[in-house]
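Residue numbering restarts at 1 for every chain, and letters A, B, ... go by the order of the sequence lines.
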Amino acid sequence: MLKIENLHATVDGKEILKGLELEVPAGEVHAVMGPNGSGKSTLAYVLAGRPGYAVTAGRISFQGQDLLALSPEERARAGVFLGFQYPVEIPGVNNVYLLKAAINAARKQRGEPEVDAFEFLTLVREKMRLMRMDESMLSRGVNEGFSGGEKKRNEILQMLVLEPRLAVLDETDSGLDIDALKIVAHGVNTLRAPQRSLVLVTHYQRLLEHIVPDRVHVLVNGRIVRSGDRTLALELERRGYDWLIGEAA
Amino acid sequence: MSSAVTEQIRKEYGAVHAALPASVIEPARRAEAIERLCAQGLPATREENWRYTNLRVLEHARFAPVETQSQAVPPLPEALPGFVRYVFVDGLLRSGAAGSHPGLTVRSLRTPGPSSSAAWGPCPDVPEARLALLNEAFATDALLIEAHANAAPAAIELVFAASAGAQAGASYPRVHVVLEAGAELTVLERHMGAPETASLVNSAVRADVGENAHLTHYRLQQCAPRTAWFDTLTAQLAAQARYHLLTVGTGALTARSTVHVRLAGAGAELALSAAALADRQQSHDMYALSEHVAPNTRTTETFRGIASGRARVAFNGKIAVRERAGGSDSRQSLRGLLDGPEAEVDLRPQLEIYTDEIRCSHGATAGKLDQNMLFYLLSRGIAPQTAQHLLKWAFLEDVVARIECAELRRQIERDLASQMSAAATLKELL
């Protein structure tokens with residue numbers, strides 16, 4: 001599904017990713033963990049194609065396609081979804097419009113007709129119930145006046161509606177209380193499927209109690225320094241990152 | 001340039017003054033307006049409050065009112081439910097049920113009628129009101145709207161259309177709105193024109209809002225692309241009066257609106273919301289003075305302007321709080337969006353305070369589209385151009401969303417989308 005080879009990326013001229021290697025097969029959930037400043041969010045943004053994040057070397061292949069050759073909107077339509085760490089507020093553009101425009105952009109790409117209005121609302125309502133979101137939120141501006149937790153739930157709602165092939169969730173657990181975390185985790189778990197891959201970028205092991213990963217990778221100073229199964233996350237919880245930083249240096 | 005132009009104005013006035021209707025404005029007052037205008041001179045860009053106005057268009061203008069009434073009126077927008085419509089062509093009332101609606105008297109002063117207690121005195125002697133003098137000298141018609149005390153809420157639509165024959169001269173829309181105590185009225189004012197019309201429109205509007213009265217005033221400037229539109233609006237608010245003024249400007253080559261609202265009675269409130277969308281070589285300039293004279297008065301001012309191409313958008317919002325206006329409150333939020341390297345946005349919030357114990361807050365920012373918002377939309381698969389249209393749309397929604405009449409809001413939204421050439425991409429929102 002996703003194969004990253006020798007990825008080097010710079011932000012404002014500073015190299016953040018320094019030869020990152022990562023492979024996520026279809027149907028698997030991988031967690032990328034690491035200390036502050038190790039390059040986790042940079043990896044997420046590079047995958048989504050954010051301007052200002054320059055790839056200076058390496059390859060990213062997504063379903064056999066060269067991901068780096070695609071613009072951000074082409075990546076989204078091809079099935080890449082980024083759940084933002086800090087979702088922006090866009091007053092004046094309402095949530096339902098954004099959802100519909102996003103769904104139709106992907107359908108158009110696949111040569112399908114626009115989504116039927118009734119079918120669309122039924123789908124959105126079902127997913128909103130799952131995320132325990134109030135329907136009145138649909139007519140509000142995107143994330144406008146939402147609490148931190150509501151914004152994160154809205155990210156997951158969008159993901160559930162768009163059904164991406166590859167979802168990259170950047171610190172989706174940060175700022176969530178335990179109840180919200182469970183709702184978000186439940187939402188994510190419903191999307192686990194053989195044809196879909198998930199990359200969870202996180203600081204803490206906590207999220208992984210609710211979304212059990214197939215693999216855990218540790219990102220330190222721009223490279224994956226260790227990979228393992230879910231017990232690696234438990235070990236990190238116990239020992240912190242210092243011992244790996246020492247090894248990486 | 002001024003003296004040559006004022007001479008031209010005097011000459012044109014000399015040629016037509018005998019034919020100007022005395023019932024609209026008395027001859028002596030017209031003559032006085034000309035004298036005052038010539039003595040003061042026309043506004044010039046070296047003056048602080050006219051810096052951003054394209055005044056060059058006045059150098060080649062014909063000032064005498066359009067004589068022939070062309071039949072070629074641009075297609076009028078769909079009528080709005082609940083609004084009584086009056087149509088003016090080249091400044092003259094063409095259609096509309098003149099007479100009385102319940103609680104409301106509306107009449108054209110071109111037809112001599114009973115004198116009204118509502119007098120529109122001579123223009124205030126302030127430099128910003130000079131173009132109203134020009135209107136006073138040349139006006140060929142005036143509409144007087146009186147909403148009587150405690151009458152049921154009513155809504156009136158005024159369409160000022162420049163015909164295809166308007167090139168031959170200027171038109172001078174003139175409206176006086178009077179709300180007696182406790183009255184509630186909505187006035188929608190549209191300025192528009194036939195597509196190829198290169199005319200000069202110079203309007204003067206006055207609103208007197210009585211005690212506890214509530215005036216909602218929508219103004220849409222959708223003039224033809226080659227029009228020069230000048231406008232002077234003065235309003236006086238009595239105690240506890242509420243004035244909601246909302247303007248949306250998309251048309252004309254040059255548009256300048258001068259607004260002076262006097263909060264003269266205690267507890268009076270002004271909510272001024274303005275949106276401007278300018279492209280190509282357009283220049284949109286608005287000067288708004290909110291003068292707090294009485295205690296516990298309140299102004300809320302919101303401006304959103306987008307300049308694309310080589311256009312210029314300017315908003316100069318001045319709030320003056322006089323000695324006796326203690327306890328007053330004013331808020332200004334001015335924002336400009338630069339859409340292109342050659343576009344220009346000039347925002348000037350000004351405060352002039354002569355008393356203590358008041359609250360004033362203001363913010364003014366001009367910048368490009370928010371890159372974080374843009375990327376967020378792209379990351380959801382939305383095409384770059386659609387994303388840009390959406391964000392521009394959302395920017396103006398801060399103002400447009402305040403329009404309470406849903407049908408009117410939809411009309412304006414459709415107009416904005418078509419001005420942005422985004423009607424197709426934004427169709428889901430319209």
Quick check on [X] against chain B: is it the side chain, the backbone, both or neither that has a heavy atom closer than 4.5 Å?
X: A:Arg50; answer: both
X: A:Pro87; answer: both
X: A:Val96; answer: neither
X: A:Ala106; answer: neither

For this session: Just give me the residue among A:Glu89, A:Glu73, A:Gln158 that pairs up with chain B most often, heavy atom to heavy atom, under 4.5 Å.
Result: A:Glu73
Exercise. Which of these passes salt bridge (charged side-chain N to carboxylate O under 4.0 Å, His left out) with B:Asp285: B:Arg256, B:Arg312, B:Arg348?
Worked result: B:Arg256
Exercise. Is A:Lys100 close enough and on-axis enough to A:Phe120, meaning under 6.0 Å and within 45°, for cation-pi?
Worked result: yes
Exercise. Heavy-atom distance under 4.5 Å to chain A: side chain of B:Ala401, backbone, both or neither?
Worked result: neither
Exercise. Considering all heavy atoms of both residues, which atom of A:Pro25 and which atom of A:Ser197 are nearest to each other, and what is their separation?
Worked result: O-OG, 3.1 Å
Problem set entry | Nearest atoms (heavy-atom pairs only) where A:Leu70 meets A:Gln65 | CD1-NE2, 3.9 Å
Problem set entry | Salt-bridge criterion met for A:Arg125 and A:Glu135 (N-O under 4.0 Å) | yes
